[in-house]
Q: 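Supplied in structure tokens, the structure appears directly below.
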Amino acid sequence: MQKKRKLGRGVAVVGVGMSKFGMFKDKDSKDHFVEAFREMTASIDKGVDPNDIDALYLGNFSNDFFTHQAHWGPIVADIIGHVPKPATRTEGACASSALAFREGVFAIASGFYDIVLVGGLEVMSMRSTEEVAEGLALATIPYEGKAAFTFPGVFGATATAYFDRYQANREHLFNVTIKSHSNARLNPRAQYRASIREIMDSKIDRARKKGMEVPTWADEKEFLRDPAANPVVAWPMHLFDCCPISDGASCALLVGEELAKDFTDDPLHVIGIGQGSGRGLHAKEDLTTFEATRFAAQEAYGMAGIGPTEIQLAEVHDCFSIAEIVHIEDLGFFKPGEGYKAVEEGRTRLDGPKPINTSGGLKCKGHPVGATGVAQIVEIWEQLRGEAGERQVAGGDLRVGATHNLGGTGGTCTFTILERR
Amino acid sequence: MEARPFSDTSFDRFLDEEKLMGSRCDTCGALFVPPRPLCIACGGSEMEWVKMRGTGTLRAFTCIAVGPPAMRQEGYGRARPYCTGVVELDEGCRVVARIEDVNTNDPQTISIGMPVTVMFLHRGEGPDKTTYLAFKPAEGSEP
Ligand SMILES: [Zn+2]
């Protein structure tokens, strides 16, 4: 039984922003952060004077490796005019900016600061695919590295264990991929804004124009089954099971709850926040779950005084298709072994009872690893405030949303619950 | 042998000697492979070395087509994926290890639950020598 915790002072989100995710030859880390920062300031209904920001917490996994430049806290602080006030970098692999968010919440809850900027960034596209794989593999645990596991490999192994235990198969993963693409299609800041059907059509078009043999896929699943269109990366993870290489930044402004009305009449309140850690594949008692996720979720649910059924929509860390299925079980949205069925039945679709990854998820929105945690908050902000445009979850009364961020091979996981009152 | 510290370095040196070793807590008997210096079951800090039989069961695996530089140098890649996985030792602990002698171009032929036996992949010479833990399908079992 985990100890029930609460914040010493309520914390609210009053503005958010993110850069458009993708691969950009002509933009560096500072450019991405400025883009996110501008969007954040514009999102604050009553405005903010950046001089009032007390501190910056910035998540970044490994720009050191990806861009050969470390120590991004003060660099980002400088570009937004925050120097000489403090800037702190947090690192939790792909959960780096969720940790920044959490540190920002604690800094305000303690009463030390009133207004804190949290965010994240990563620029990965300067490196080749092989180099990015190598860079990400730095966040496996040493035993996995020595056994030549890559990131897709760890989730591939998770998938084989899941398939074996619950009689699922690769075809079930296709449902996740098809859903992610169909959501991202409606997200203007997503890296891949095309449904699988549209990707098929464009490939058919191109083959026709080039006078090559025209593919004859009967449907999306046949396309995903075709090894020429969807090659294996780490069995059973194929290209369309994997998130892309991305650049981007995200940020959010946090303030003491009692100050929120100075910024907006419609803030989001941080009602649950949890973090856990994990040990790697060899030490897992159950290869089809992440203990860090379960711990983080229990902590957040306990603090919020609600359970999984009260979460109306969530962004979960779908770095790979199988991950989304495992997470929606670990978070309690569906019973163990039922996640793949829920996805198959459309329950996690935009128009389903429990929409998951309405942004398109990491898979299609993109995954600049250090920026992801706070970018997930951006999606929940837009959905809960009814600002998600074409991908707005219908049905009106949206009050509670959540984000789940996973770092490494499950070494660091967070779960954050936000409420609109 | 008993004097070696319960560390990853010792574990690796044992692999060089073709021994798969774990540590057992003197207090509660909990077994750890790879070895741990501190018992996470009871908090004890007195350990002893135990040699594993080297037999186990495949619990999860993947066949990797896009691998790290060291594996590409060994000739692995899209045309020739390598297999790596999670093996549950007969003694109860699990390890991550390379899986050899399986058809990585047809992963459906590799089955979870299949019995495996240990092997040691030696790479490099002298001070650069590294030994990778690996397993292969047990004699007489279908891969
Ligand atoms: Zn013990």
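Each chain gets a letter, A, B and so on, in the order the sequences are listed, and its residues count up from 1. Since the structure is predicted, the reported quantities are computational estimates derived from the model, not experimental observations.
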Q: Which region of B:Leu15, side chain (C-beta onward) or backbone (N, CA, C, O), has a non-hydrogen atom less than 4.5 Å from a non-hydrogen atom of chain A, or is it both or neither?
A: side chain
Q: When heavy-atom pairs shorter than 4.5 Å are enumerated against chain B, which of A:Thr150, A:Val154, A:Thr129 gives the highest number?
A: A:Thr150
Q: Quick check on A:Lys221: does its NZ atom have over 12 non-hydrogen neighbours (other residues, nucleotides or ligands) under 6.0 Å away?
A: yes
Q: Which answer fits B:Tyr76, side chain, backbone, both or neither, if we ask what part of it has an atom under 4.5 Å from a heavy atom of chain A?
A: neither
Q: Under 4.5 Å, heavy atom to heavy atom: which of residues 156-178 of chain A reach chain B? Give them by number, or say none.
A: A:Gly156, A:Ala157, A:Thr160, A:Ala161, A:Asp164
Q: Checking B:Asp12 against A:Lys146 for the side chain to side chain contact (heavy atoms under 4.5 Å, CB included) test, could you report, in this order, the C-alpha distance in whole Å, the side-chain angles of both residues, the deciding distance, and whether it holds?
A: CA-CA 10 Å; B:Asp12 286 346; A:Lys146 201 176 173 199; 3.0 Å; yes
Q: Would you call A:Trp235 and B:Pro81 a side-chain contact if the rule is heavy atoms closer than 4.5 Å?
A: no
Q: B:Val33 versus chain A, heavy atoms under 4.5 Å apart: side chain, backbone, both or neither?
A: backbone
Q: Check each atom of A:Ala133 against the heavy atoms of chain B and say whether the ones under 4.5 Å are side chain, backbone, both or neither.
A: neither
Q: What's the shortest heavy-atom distance between B:Val96 and A:Tyr143, and which atoms?
A: CG2-O, 3.5 Å
Q: Picking from A:Gly280, A:Pro152, A:Gly153, A:Pro231, which has the most non-hydrogen pairs under 4.5 angstrom with chain B?
A: A:Gly153
Q: Sub-4.5 Å heavy-atom contacts with chain A: which residues of residues 52-65 of chain B show up?
A: B:Arg59, B:Ala60, B:Phe61, B:Thr62, B:Cys63, B:Ile64, B:Ala65
Q: Pairs in or reaching into residues 120-134 of chain B: which pass side chain to side chain donor-acceptor pair (under 3.5 Å), with residues at least two apart or in two chains?
A: B:Asp16-B:Thr131, B:Glu18-B:His122, B:Glu74-B:Arg123, B:His122-B:Thr131
Q: So with a 6.0 Å cut-off around CD of A:Gln69, is the heavy-atom count from everything else above 12?
A: yes
Q: Holding to salt bridge (Lys or Arg N to Asp or Glu O under 4.0 Å), I want the full list of residues that pass it with B:Arg36, two or more places apart in sequence or in another chain.
A: none
Q: Could you pull out the closest heavy-atom pair between A:Lys284 and B:Arg94, with the gap in Å?
A: O-NH1, 3.0 Å
Q: Would you check, one step at a time, whether the test side chain to side chain contact (heavy atoms under 4.5 Å, CB included) holds for A:Arg279 with B:Ile40?
A: CA-CA 12 Å; A:Arg279 289 176 284 188; B:Ile40 57 166; 3.2 Å; yes
Q: Against chain A, label B:Val95 side chain, backbone, both or neither, depending on which of its atoms sit under 4.5 Å from a heavy atom there.
A: backbone
Q: Quick check: are there more than 12 heavy atoms from other residues, nucleotides or ligands sitting under 6.0 Å from CD of B:Glu17?
A: yes
Q: Without swapping roles, check the side chain of B:Thr84 against the backbone of A:Ala147 for a donor-acceptor pair under 3.5 Å.
A: yes
Q: Taking every non-hydrogen pair under 4.5 Å, which of B:Pro69, B:Gly113, B:Pro34 racks up the most with chain A?
A: B:Pro34
